[in-house]
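Accompanying notes for the structure given below.
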Amino acid sequence: MHNTNQENGLVELAGAQTVRTIGAAHDRLRTEIEAHAAVRVRLDGIEDFDLSLIQLLLAARRAAGAAGKSLTLASPATGALRTALDRAGFLASDPADPLGGPPFWLQASDLS
């Protein structure tokens with residue numbers, strides 16, 4: 001989804017988000033970050049994922065921040081993704097996180 005008339009972008013990820021398919025998600029995120037000041041990511045439709053999804057979202061968040069933009073989740077991570085994040089230690093607070101606040105994965109944006 002790409003609309004340069006809006007300040008806020010939205011990327012909806014669905015289906016399999018694995019090392020074999022993550023390239024398309026990368027391209028969509030890059031396009032939205034370039035076009036918008038704030039980008040939300042919807043993860044509701046993801047059916048399968050691996051570490052490449054987590055790596056991609058963390059890298060996209062950093063890239064957005066470095067460009068003075070924001071990348072947030074439309075809703076907190078749930079289900080299998082939340083379980084995987086918890087097991088990997090991503091849900092613990094990180095005092096070194098320059099963006100502060102609760103862990104990225106548990107936040108949700110209310111951007112329209």
Side-chain angles (χ1 to χ4, degrees):
M1 182 175 290
H2 178 70
N3 185 346
T4 56
N5 294 329
Q6 296 180 348
E7 188 169 322
N8 303 320
L10 175 65
V11 174
E12 297 183 57
L13 299 179
Q17 298 298 318
T18 64
V19 69
R20 292 179 187 211
T21 61
I22 206 70
H26 174 266
D27 293 343
R28 290 170 52 207
L29 283 165
R30 184 183 60 222
T31 297
E32 290 298 306
I33 290 169
E34 288 174 358
H36 303 286
V39 176
R40 286 186 311 148
V41 180
R42 292 193 65 178
L43 304 174
D44 305 358
I46 293 177
E47 297 168 2
D48 187 26
F49 67 92
D50 63 17
L51 186 58
S52 62
L53 171 67
I54 295 169
Q55 292 172 322
L56 173 64
L57 291 174
L58 291 174
R61 182 175 179 232
R62 278 207 177 113
K69 300 179 179 191
S70 69
L71 183 125
T72 58
L73 300 180
S75 61
T78 61
L81 178 58
R82 184 175 177 137
T83 299
L85 291 164
D86 188 34
R87 288 182 180 164
F90 286 104
L91 299 184
S93 293
D94 181 2
D97 185 347
L99 299 176
F104 167 71
W105 304 103
L106 301 180
Q107 298 178 32
S109 74
D110 59 356
L111 301 173
S112 300

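Hydrogens, waters and symmetry mates are skipped; everything else that's a heavy atom, side chains included, is used.
Counting heavy atoms from C-beta on, the side chains of R40 and T72 come closer than 4.5 Å.
Between the CG atom in L29 and the CZ atom in R61 there is a gap of 13.5 Å [rounded to 0.5 Å]. Atom-to-atom distance recorded for I22:CD1 and I54:CD1 is 10.0 Å, nearest 0.5 angstrom. From L43, atom CG reaches atom CG of L73 across 5.5 Å, with rounding to the nearest 0.5 Å.
In this structure, E32 and V11 approach most closely via the heavy-atom pair CG-CG2, 3.4 Å. The two residues F49 and A80 come nearest to each other via the heavy atoms CZ-O, 3.6 Å. Of all the heavy atoms in Q17 and S52, the pair that sits closest is O-OG, 4.2 Å. When all heavy atoms of A64 and S70 are compared, the pair lying nearest together is CB-C, 4.0 Å. Smallest separation of non-hydrogen atoms from K69 and E34: NZ-O, 3.1 Å. The shortest heavy-atom contact between D48 and I46 is O-CG2, 3.4 Å.
Put simply, the residue from L13, T18, V19 that forms a side-chain contact (heavy atoms from CB on, under 4.5 Å) with L53 is L13.
Within a 6.0 Å sphere centred on CZ of R30, other residues, nucleotides and ligands contribute more than 12 heavy atoms.
Residues satisfying the side-chain hydrogen bond (donor to acceptor under 3.5 Å, both in side chains) criterion with R42, sequence neighbours excluded, are D44. For D86, the side-chain hydrogen bond (donor to acceptor under 3.5 Å, both in side chains) test picks out no residue, with sequence neighbours left out.
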- Message: Apply side-chain contact (heavy atoms from CB on, under 4.5 Å) to residues W105 and L58 and explain how you reach the verdict.
- Response: CA-CA 10 Å; W105 304 103; L58 291 174; 3.8 Å; yes
- Query: Would L10 and H36 count as a side-chain contact (heavy atoms from CB on, under 4.5 Å) if you check the C-alpha gap in whole Å, the side-chain angles of each, and the deciding distance to 0.1 Å?
  - Reply: CA-CA 9 Å; L10 175 65; H36 303 286; over 6 Å; no
